Amino acid sequence: MRYLYSVYSDAARIALQSILAHKLRAFLTLIGIIIGVAAVVVVGASVSGLNTYVTDKVAKLLGANHFMMARMAFQGRRTDDEYERMNRRNKRLNWDDYEWVKEHCTKCSEVGAEVGSQVDLKQDGIEFPGAVVFGVTSNMQDIEDKVITDGRFISNDEVQRSALVCVLGSEIKEKFFPNGDAIGQTLKVRGLPMRVVGVEEKRGSFFGDSLDRHIYIPATTHLQIFGRNGLQIHGKAPTRDNFQPTIEDARMSMRNKHRLKGNEEDDFGLVNVEELNNQIDQFTGSIAAVVVPITLITLIVGGIVVMNIMLVSVTERTFEIGLRKAVGATRKQILMQFLIESGMLCAFGGVLGLLMAYGVTTLITALAGITMTITIGYILLAIIVSSAIGMVAGIYPAFKAARLDPIIALTKTT
């Protein structure tokens, strides 16, 4: 054991001395490895950051442990034939469906209703096109985890009596009430004066659509103003562990309401946050599966450069190799020395590449506002691959050095 330790430690020491003796050459050799490792890690961080960004936005948009039933709700792609079949089969949901599910879904912690319509707002010479007015039940704040910064959300009493009250998104509040408190003010929706009772926290945008152009009014008020179209039933599970049983309970409640037989398909759509998150993971995973191998090509190019420089190193150190073999060094020891040197060289490049990637991701996070996460998986991938490429790139030069005839090598002075 002590002998093996001595052999490997001596080989590592000689390799380190050789690298430090030619610092500039070693650095220039490693540029390809550094850029390759940085590219792999930055791409991985970008994919992870995209996944986190979209998942957070979905959570802010829909809330946690949340599912939704609507006439035409579905995830993923549908063919034209499937869509047309659903369009003919599925029924429009109404208030009776909401009340039935609310009463019969025993596993649901909350069941609410929501319906949306787009409207152009105009008041006191100020215009705001494309606002989205949502009619909601009072518990939609809890179901979708909405945060109210000023005032409060719609109350159950206001839903019961179809009150003319509203909660504003931050963008609408800044447009109509930029210099003061909006609470208690009046905003006209379809010509009806709505008293402002709350202002929602700024939520940003989701795939280009602003989430701050929303107005929330009682669902019953919305149905009276805009008509009975597009009602959605929203549910929430008490915990993540109970999520799937809760969805199935709500689904069976709706099937019973619509008197569907066991072999009949659902005549309503169902969307849940968990499946959306899984689709996001699959989407970003597909991106990583395509992009990361492309960036690994840079590491392969860097490995070719390392092989070239190791061949030069063998040529330069022919006399040294001959001398070591003359005093008893075996082919295996010579081979191991050059493999360790090339592996160590690329490992240094991997570390420098990680430092470069950290700087790039920090800069992008600061400038773009998107959190880029460097995961341990991509760190290990970059270090292992760079070291492996160094070892592979050093095999031929090391094999060439190990096969040198010591007598001939001792005659070489360069």
Side-chain angles (χ1 to χ4, degrees), residues 58 61-76 78 82-119 132-146 153-154 156 158-163 189-190 214-237 243-276:
V58 169
L61 180 65
L62 300 178
N65 303 328
H66 171 209
F67 62 90
M68 178 193 74
M69 289 185 288
R71 178 175 177 267
M72 295 292 289
F74 53 85
Q75 290 118 208
R78 291 289 187 273
E82 289 177 324
Y83 182 84
E84 185 61 32
R85 185 163 55 88
M86 290 176 62
N87 191 37
R88 290 194 304 266
R89 182 189 70 235
N90 291 8
K91 296 181 179 180
R92 185 175 64 184
L93 303 186
N94 53 47
W95 195 257
D96 290 340
D97 293 315
Y98 153 66
E99 292 183 332
W100 176 275
V101 175
K102 183 178 181 180
E103 180 180 353
H104 291 84
C105 183
T106 56
K107 295 185 183 297
C108 296
S109 61
E110 296 284 353
V111 175
E114 183 177 84
V115 57
S117 300
Q118 194 171 70
V119 68
V132 182
V133 180
F134 286 105
V136 295
T137 51
S138 59
N139 56 357
M140 285 304 298
Q141 179 182 7
D142 299 322
I143 293 173
E144 293 187 337
D145 298 330
K146 299 183 185 299
F153 199 65
I154 305 296
N156 186 56
E158 289 164 341
V159 175
Q160 294 294 328
R161 57 187 176 86
S162 304
V189 177
R190 282 282 183 95
H214 297 172
I215 299 177
Y216 304 98
I217 66 176
T220 49
T221 307
H222 188 285
L223 294 173
Q224 291 177 7
I225 297 174
F226 295 94
R228 298 180 177 273
N229 58 337
L231 183 72
Q232 301 170 355
I233 299 172
H234 295 254
K236 191 178 183 74
F243 191 49
Q244 292 302 326
T246 302
I247 291 175
E248 189 61 24
D249 188 14
R251 176 174 166 269
M252 293 308 299
S253 297
M254 183 64 78
R255 285 180 60 87
N256 291 336
K257 173 66 168 62
H258 291 184
R259 298 178 179 175
L260 295 175
K261 298 178 182 178
N263 60 347
E264 291 182 312
E265 295 183 58
D266 295 342
D267 60 355
F268 53 90
L270 179 64
V271 174
N272 71 75
V273 174
E274 194 72 24
E275 289 187 7
L276 283 176

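Here, residue 1 is the first one in the sequence, and each next residue gets the next number. The model shown is predicted, which means the values in this text are computed figures rather than measured ones.
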List the atom of [X], the atom of [Y], and the distance in Å for their closest heavy-atom pair.
{"X": "Leu231", "Y": "Trp95", "answer": "CD2-N, 3.6 Å"}
{"X": "Ala250", "Y": "Cys108", "answer": "CB-SG, 4.2 Å"}
{"X": "Pro218", "Y": "Val159", "answer": "CB-CA, 3.9 Å"}
{"X": "Lys107", "Y": "Thr246", "answer": "O-OG1, 3.6 Å"}

For Met69 and Asp97, run side-chain contact (heavy atoms from CB on, under 4.5 Å): C-alpha distance rounded to whole Å, both residues' side-chain angles, the deciding distance at 0.1 Å, then the answer.
CA-CA 10 Å; Met69 289 185 288; Asp97 293 315; over 6 Å; no
Between Leu260 and Glu265, does a side-chain contact (heavy atoms from CB on, under 4.5 Å) hold up when you go through it step by step?
CA-CA 8 Å; Leu260 295 175; Glu265 295 183 58; over 6 Å; no
Look at the side chain of Trp100 and the backbone N and O of Ser253, then say whether any donor-acceptor pair between them is shorter than 3.5 Å.
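Such a contact is found between Trp100 side chain and Ser253 backbone.
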Do [X] and [Y] come close enough that some side-chain heavy atom pair is under 4.5 Å?
{"X": "Val101", "Y": "Arg251", "result": "no"}
{"X": "Gln224", "Y": "Ser162", "result": "yes"}
{"X": "Glu114", "Y": "Glu144", "result": "yes"}
{"X": "Val132", "Y": "Ile215", "result": "no"}
{"X": "Leu270", "Y": "Phe67", "result": "yes"}
{"X": "Val136", "Y": "Phe153", "result": "yes"}
{"X": "Val111", "Y": "Tyr98", "result": "yes"}
{"X": "His222", "Y": "Phe134", "result": "no"}

List the steps, then state whether side chain to side chain donor-acceptor pair (under 3.5 Å) holds for Asn139 with His234.
CA-CA 10 Å; Asn139 56 357; His234 295 254; over 6 Å; no
When rounded to the nearest 0.5 angstrom, what is the spacing between [atom1] in [X] and [atom2] in [Y]?
{"X": "Ile233", "Y": "Ile143", "atom1": "CD1", "atom2": "CD1", "answer": "11.0 Å"}
{"X": "Met252", "Y": "Cys105", "atom1": "CE", "atom2": "SG", "answer": "12.0 Å"}
{"X": "Ile247", "Y": "Met68", "atom1": "CD1", "atom2": "CE", "answer": "11.5 Å"}
{"X": "Arg190", "Y": "Ile225", "atom1": "CZ", "atom2": "CD1", "answer": "8.0 Å"}

Thinking salt bridges, do Lys102 and Glu99 make one under a 4.0 Å N-O criterion?
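No, Lys102 and Glu99 are not salt-bridged.
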Give the C-alpha distance, both sets of side-chain angles, the deciding distance and a yes or no for side-chain contact (heavy atoms from CB on, under 4.5 Å) between Val133 and Phe226.
CA-CA 10 Å; Val133 180; Phe226 295 94; 4.1 Å; yes
Does any donor atom in the side chain of Asp249 or His104 lie under 3.5 Å from an acceptor atom in the other side chain?
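On atom types as modelled, these side chains do not qualify, holding no pair under 3.5 Å.
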Would you please say whether a donor-acceptor pair under 3.5 Å links the side chains of Gln160 and Thr220?
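No - no donor-acceptor pair under 3.5 Å links their side chains.
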When Tyr216 is tested against each of Lys146, Met140, Gln141 for side chain to side chain contact (heavy atoms under 4.5 Å, CB included), which residue passes?
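Going through Lys146, Met140, Gln141 one by one, the side chain to side chain contact (heavy atoms under 4.5 Å, CB included) with Tyr216 is satisfied by Lys146 alone.
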With a sphere of 6.0 Å drawn around CZ of Arg92, does it hold more than 12 non-hydrogen atoms of other residues, nucleotides or ligands?
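No, because the 6.0 Å sphere around CZ of Arg92 holds 12 heavy atoms or fewer from other groups.
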Kindly check if the number of other-residue, nucleotide or ligand heavy atoms within 6.0 Å of NZ (Lys257) is above 12?
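Yes, the 6.0 Å shell around NZ holds more than 12 heavy atoms from other groups.
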Give the intermediate values and the outcome of side-chain contact (heavy atoms from CB on, under 4.5 Å) for residues Ser138 and Glu158.
CA-CA 8 Å; Ser138 59; Glu158 289 164 341; over 6 Å; no
